[in-house]
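Have a look at the structure below, then the notes.
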4 protein chains.
Amino acid sequence: MIIVMRPGVTRQEIENVEKRLIELGFKTHPIYGEVKTVIGAVGDKRLLEGHNLLQLPGVESIVPIMKPYKLVGRELKKDNTIVKADDVEIGGNKLVVMAGPCAVESREQLFEVAKKVKEAGATVLRGGAYKPRTSPYSFQGMEEEGLKILSEAARYYGLKVVTEVMDTRDVELVARYADILQIGARNMQNYRLLKECGLSRKPVLLKRGLCATIEEWLMAAEYVAVSGNSDIILCERGIRTFETTTRNTMDINAVPVVKELSHLPIVVDPSHGCGNWKWVDAVSRAFVAAGADGLMVEVHPDPANAVSDGNQSLKPEKFAHLMESLKPIAQAVGREL
Amino acid sequence: MIIVMRPGVTRQEIENVEKRLIELGFKTHPIYGEVKTVIGAVGDKRLLEGHNLLQLPGVESIVPIMKPYKLVGRELKKDNTIVKADDVEIGGNKLVVMAGPCAVESREQLFEVAKKVKEAGATVLRGGAYKPRTSPYSFQGMEEEGLKILSEAARYYGLKVVTEVMDTRDVELVARYADILQIGARNMQNYRLLKECGLSRKPVLLKRGLCATIEEWLMAAEYVAVSGNSDIILCERGIRTFETTTRNTMDINAVPVVKELSHLPIVVDPSHGCGNWKWVDAVSRAFVAAGADGLMVEVHPDPANAVSDGNQSLKPEKFAHLMESLKPIAQAVGREL
Amino acid sequence: MIIVMRPGVTRQEIENVEKRLIELGFKTHPIYGEVKTVIGAVGDKRLLEGHNLLQLPGVESIVPIMKPYKLVGRELKKDNTIVKADDVEIGGNKLVVMAGPCAVESREQLFEVAKKVKEAGATVLRGGAYKPRTSPYSFQGMEEEGLKILSEAARYYGLKVVTEVMDTRDVELVARYADILQIGARNMQNYRLLKECGLSRKPVLLKRGLCATIEEWLMAAEYVAVSGNSDIILCERGIRTFETTTRNTMDINAVPVVKELSHLPIVVDPSHGCGNWKWVDAVSRAFVAAGADGLMVEVHPDPANAVSDGNQSLKPEKFAHLMESLKPIAQAVGREL
Amino acid sequence: MIIVMRPGVTRQEIENVEKRLIELGFKTHPIYGEVKTVIGAVGDKRLLEGHNLLQLPGVESIVPIMKPYKLVGRELKKDNTIVKADDVEIGGNKLVVMAGPCAVESREQLFEVAKKVKEAGATVLRGGAYKPRTSPYSFQGMEEEGLKILSEAARYYGLKVVTEVMDTRDVELVARYADILQIGARNMQNYRLLKECGLSRKPVLLKRGLCATIEEWLMAAEYVAVSGNSDIILCERGIRTFETTTRNTMDINAVPVVKELSHLPIVVDPSHGCGNWKWVDAVSRAFVAAGADGLMVEVHPDPANAVSDGNQSLKPEKFAHLMESLKPIAQAVGREL
C-alpha cells in the first residue's frame, strides 16, 4: 500500500501518518520526492479495517498494491480450476454448451428443447423457473413446478441443469433440482445470496453485473469462495454502455483478462449480451476464438411465442447450425466442442 | 405501440402482422411511407405478454408509446405524494434531512451522532446494521444488535430511523426497528426484496441502482407499489460512469426529470455520490437548489476511525455548518429546512 | 416519423400539429389511443429543418422511423462495398492486415518493421507521423519527415500506407504520401476534417470515436460520403466504459451490427482497444471469428523503447505468430488471410 | 512514480528495473513486501518519454504520483484565475451569464435576442456561426456572415461575443469578431485546434468532451496554456452515460472537483447538458449553488422555428425569469449575479 501525501505537507504530518501506520502493524518506508512525499506501507491491508488514513491531515490518496481477491485470484493459485457438475467439466479442454429457453413455460416446451439441444451437442440444459423481470406486470416464472419440469427433461435426455436462484429463501429448494446454481446479473452484488450459495455444495454460475468491473465481479466470486464453495463459473453477459443499438455491450476483452487474473472458468451468454438472435452466431464464434470455456445460449422452439426474451432466442435448427460452425473455431484454438 | 416494418416488406407480411395484432386484441392502423410501413396498434401492451412480434417476418422494431410504469407515474396521478414516517413528512414543503453514520458501530457512537444531527436539524437518523460491502473481508454490520442501538438512540433524541434491509428474510425484523426501510443501490433490481418490502406497512426508501436508468428505477418502485405499498421515497445516489475522480457521478438532471415523470418524492445521498466529504457540501446545495425533497448524509463523530466509508463522512460540526448553508438555498426555491 | 402527443391533449392541439405538418409537406395519419394520441407523418424528415415540433403545445416526443444515414446504409445499397487501395482490397474475401508502429520514429525502425510485417503477411503499413497525444509534453510526431520515411519503407517492401491526418491543413500533404487516410477516434466528429477527407481521392479509414454510438459513427462516414468519397473503411478500436482494467472495451457486437446496417467494410484495432499487447492475440482472433474484414495492429521492433504506446505493441515475432493463429479462424468463417 | 513488480519476481529482475531507472535519471527506493515488491522512483516523469518500463521483465504496473498537468493545476498556482474579456470578468465574485441562440440565423433574430438577454442581465452573447452537426444534411452555419451579425448585435447592446471555432484555418478569422473563442465538446481533443487557439490572444472557452474525464479535460486546457494562452474558461456541458431520458448527464460533482484541482474558472451549459428547456432552470440553479462561475444558456425568440437545438432553448421571458430566480441562490453562496 502506498500513501501519497499532498504537496506542501509538513514533516510533522508525515511522521503522524507513519506513526499511525506503525501502530496498526505496518512497516513504513517514506520516499521524499521534490513536490510530493509517499509512504510505502508493508503489511496486510486488512489491518486498516476501521481506520481511514484519508482523514489524517496531509494524506492525498492511498494506492493499493495487492489485489483485493485472494481465493479466486491467480496470485496464490496458478492452475486453472475445472468445475465439475457430475460428469460435465467446465474449464477443461472440452467446451461446455448450456442451452435452453429463457423461461420454463411448459412440459412440452422443455422436452422439445431438451431433445434438440442435446442432439446438437449441448450438455447442460438452461431454463428459468424464477425470472427477474424489469416489469412487475411480466411473467415471473413457474417456480417449483418449473424446476420439476426442468429437472425431468434434463434427466430424460442426459443433461445437467443450470437455473437461476433469486432469493436466499429458495437456495435449498433450487439446489434440490439444479446441478448448477445460477446467480443473475442483477444479483451479482446481493451478498446474502452469494453467501447462501457459497454454503451450498452445488457449483455456482455467477453472471457479471450489468455495470460491474472485472474486479468487482471477482470480489463477488470471492464471497462465494470464502463461504466454502470454490466451484464457481464466471459468466460474461454484456455490460451497460452508452450504445443502444444492442441490448448490452459484450466485453470480449474480459476473456483474456479474466484468464490472467483468475483461475476460474469463464463462459459467455451471447443471447443477453446482444439482445437479438441475429447477432448471436457471430458473437458466439468470437468468444470461442477468444478462449472462453463455453457458452450459455437461449434456444426456444417457437421464439415468436416465448413468454420472455423471444427476440434473442435461437430456433433449434439455427442453434444446431451454430454448433457446427463453432467446431473449427474451437479446434483452431486447441479446444474441443 | 408502433410496429416498424423493414424496407422492402411484402403486403402479405404487413397483413400477417396486422392479423396477429387483431387476434391479440389490438386495433391496427397501418401507415404506408415511401420506404417503410409502420403499423399503429392501439390496446394494452400487456396483451403482448408471451408473444414476440419481432420474430414475425418483416418486423424491424417496436416502439412503445405508453410509459411502462402506472402506479408511480404522473400520467395517472398528478398530485405529489407526501410520504409520512409518523410525523415526519417527505415530499412536503419542508425538506427532510436524514443523517448518521454509514454503519452502526457502537452505542456511544450512535448516541453521540444522534444528538449532534438532531441539534443541527435532522429529523431522521440513518445507520447501517446490515452492510453490503464489496469485500467479504470487510465489516458486515452489527445486525439485530445494531438495529436495537439505532432505534434506542433515535427514540431518545426524537428522531425517526431509516436503515437498510438486504435480505427477504430480514424484512420483518428490520421493520420492527425501522421507520423507513432502505433498499440499497445494489439491490434495486432484487425483485423479491422489492416485493417483500412492498408487503410491509413501512415507507420504503429506494436507492437508484448504480447503472439504472430513471425508467428502470421507476419500474423498481412500481414493484413495491404493485405489492401494495405506495409510500416510496426515491433516492438518487450517483450513477456509474467513466469518470474516476469521483466515486460516482451525481445525476442532477434526475431531479427535474423524476419530478416530471413521477409523483413520488426524491431525496439525494451526496456522500455516496461524491465519495469524498470535501465535495458533499457543494453537491448538497446543488440538489436542494434543483428541487430535491431532502438529503441523506453520512455523519460520523470520528471519520478517521469509521469502520466504513469514513472518507465520505462529515464531522458533526461540518454537518451543522452545511445545514446552515442550506437554509437560504431552500428559501430561494420556496422550501423550508 | 411518429409524433407522440401528451396524455390529456386537446383536439385543437392535435389539429394544430397536423396543420403544421401539412404546411411543411408531410401527410398525416392520427391514431387515437385510450390515453395517448400519436400522429404518423409521412415525408422526408429534412422537411423539418428549422422547425421544432417539440415546442408545439401538446407534443411529448418524436420518434424517427427512417435511418438518418443514406449513402452508407444498407437500406438503399444492398451489396458490400469493397474499397481498393491500388491492388489491396478491403472488404473482399481476403482479410486485410495493417501493421506497424504507433509512431514513425526513424528510418531504421520503419524499414525493420516493414520487412517483418510484410514477411508475416501484412499488406498495409501503419505508422503515425502526426500523433494526437493526451499530454502536450509527449512526442507529437515527425510530421512530413515521418511521412517520407513511411512511404519509402512501404514502397521498398511492396506495402500500402495508412497514416493519420489530424488537421484540415494537412490533408493534401498527407494524401501525397499515404494510400489510405486515417481519421482518428478523437477526430471522428471533427466535421471539417471529415469533409476535407471526403474531397480527397484516397480511401478513408474512419476510427470509431471513444464514445460514439454506431449510429453516430455511420453519420460521420456519411459526412465523408456526401462530400464525394465513398471509399470508407470503418475501424472499431474500443469504446469508453466504466471498466478500467483495459484501456477501452472492444465492442465485438459492432461487427455483426455494422454488417447489417451498412455496406462498408469494418476492420478492428485491438492494440488500442485492449491497451496491452498480452490481450491482443485473443481479441484479434475474436474479431476475425466475428466477421471483421481485417485488422490494424501495432508492431514495434523494441516496444520497451517505443516513443508511444509501447505497452500495446507486439514484437515482430509475436505478430508473426498471431498471423499464423488467425489462418484457421479465417478459414472457419469462409475467409482467407 | 511507483513501479509495482509482479509476485514471484526475481532479485535480478528488480535490479534490472532499478538500473534502468537510474540510467534514465531517477532515484530509486525499492520496498520489499511479503508478496510484491514496489520501487519508488523520484524524478520528472518526462524522463520516461520514449521508454516503456511495462515491457521490462517482472513489471506489473506503474502508478503515477504527480498530476500530469502543470500550468492549469493548483499544485503550482494556488490563486484562482480571473479571465478578462475586456471589462467582463470570468471567475471573479460576479457570475458571468452567456446567452443567445444555438445558431446565428438572421440579423433580426440576433438583435432581438441580444436585446432581451442584455435586459435580463447577460453580459456575453453566444451564437454559432460554424455548427458541428451530427448530420451532414443539417444546417451548418452562416459562417463569416454570421460572425458579422453576431459582432454587430453584441456591440450594439454592449455585450461581449463568444462563438465556436471548429477549424484551425478559421481561428484568425473568428478571433477578429469574437471576444472569447469557444472550443466545442467534439473538438476537445482536436489538439491542433487547441494549439492554434493557444496562439491567439483571445480567451478560450473549452467545453468538456462528451466522454472526457476531468483529467483529460484539464490536459486539453494544458495544451492551450502551453501554447502561451492561459486565459481559459472550462465549461461543463454534460457527459455521455447510459441514461437516455436526458441528452447528457450533467456532472455536478465536477464543480467542486475542478475547483480543487485547478485554478481556472468553470461555467456550465445546462442547455446541452439537459437537452430540454424544461429542465434548464432547475439545473442552472443547481450549478450556481454548487459554485460554478457562470452559465451559458441557449435563448431563442421562437424556439419552435429554430434551425437547431430549438428544444433546449429558452424563450426570452423564461430566461429573464430564470435570471431572477438565480439571484438569491448566488447570494446564498456569496456571489453576485
Side-chain angles (χ1 to χ4, degrees), chain A residues 67 208-218 236 238-261 268 270 273-292 324-334, chain C residues 67 208-218 236 238-261 268 270 273-292 324-334:
Chain A
K67 303 277 184 241
R208 181 178 182 181
L210 210 50
C211 65
T213 61
I214 291 173
E215 185 168 302
E216 288 168 337
W217 189 16
L218 293 177
E236 162 69 29
I239 56 174
R240 174 157 286 181
T241 68
F242 59 80
E243 178 60 67
T244 54
T245 312
T246 51
R247 181 167 176 179
N248 295 296
T249 298
M250 294 297 290
D251 184 0
I252 190 82
N253 294 354
V255 178
V257 171
V258 162
K259 286 285 172 200
E260 179 179 325
L261 299 177
V268 62
C274 297
N276 192 314
W277 63 269
K278 288 181 295 180
W279 307 321
V280 165
D281 272 35
V283 172
S284 297
R285 286 192 282 268
F287 272 84
V288 169
E324 279 310 304
S325 81
L326 291 174
K327 282 178 189 169
I329 313 256
Q331 204 178 358
V333 294
Chain C
K67 302 278 185 242
R208 181 177 182 181
L210 209 51
C211 65
T213 61
I214 292 173
E215 185 168 300
E216 289 167 337
W217 188 18
L218 293 176
E236 163 69 28
I239 56 174
R240 176 158 286 179
T241 68
F242 59 80
E243 178 59 68
T244 53
T245 312
T246 52
R247 182 167 174 178
N248 295 295
T249 298
M250 294 297 290
D251 184 359
I252 191 83
N253 294 354
V255 177
V257 170
V258 162
K259 287 284 171 200
E260 179 178 326
L261 298 177
V268 64
C274 296
N276 192 315
W277 63 269
K278 288 181 294 180
W279 307 320
V280 165
D281 272 35
V283 172
S284 296
R285 286 192 282 268
F287 273 84
V288 169
E324 278 312 303
S325 81
L326 292 174
K327 282 177 189 169
I329 312 258
Q331 207 179 355
V333 294

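- Residue A:Thr213 touches chain C through both its backbone and its side chain, counting heavy-atom pairs closer than 4.5 Å.
- With a threshold of 4.5 angstrom between heavy atoms, A:Ala292 does not approach chain C through any atom at all.
- Taking A:Glu260 as the reference, C:Lys278 meet the salt bridge (Lys or Arg N to Asp or Glu O under 4.0 Å) condition, with sequence neighbours excluded.
- Within the 4.5 angstrom heavy-atom criterion, no atom of C:Ala254 approaches chain A.
- For the set A:Asn248, A:Leu261, A:Val257, A:Val288, the entry with the most heavy-atom pairs within less than 4.5 Å of chain C is A:Val257.
- Heavy-atom minimum distance, A:Ile214 versus C:Glu243: N-OE1, 2.7 Å.
- The two residues A:Arg208 and C:Phe242 have their closest heavy-atom pair at NH2-CE1, 4.4 Å.
- Within the 4.5 Å cutoff, side-chain heavy atoms of C:Val283 are placed close to those of A:Asn253.
- Using non-hydrogen atoms only and a strict 4.5 Å limit, the part of residues 324-332 of chain C facing chain A consists of C:Pro328, C:Ile329, C:Ala332.
- If you run side chain to side chain contact (heavy atoms under 4.5 Å, CB included) between A:Ile252 and each of C:Thr246, C:Thr249, C:Ile252, only C:Ile252 comes through.
- When all heavy atoms of A:Ala290 and C:Ala286 are compared, the pair lying nearest together is CB-CB, 4.0 Å.
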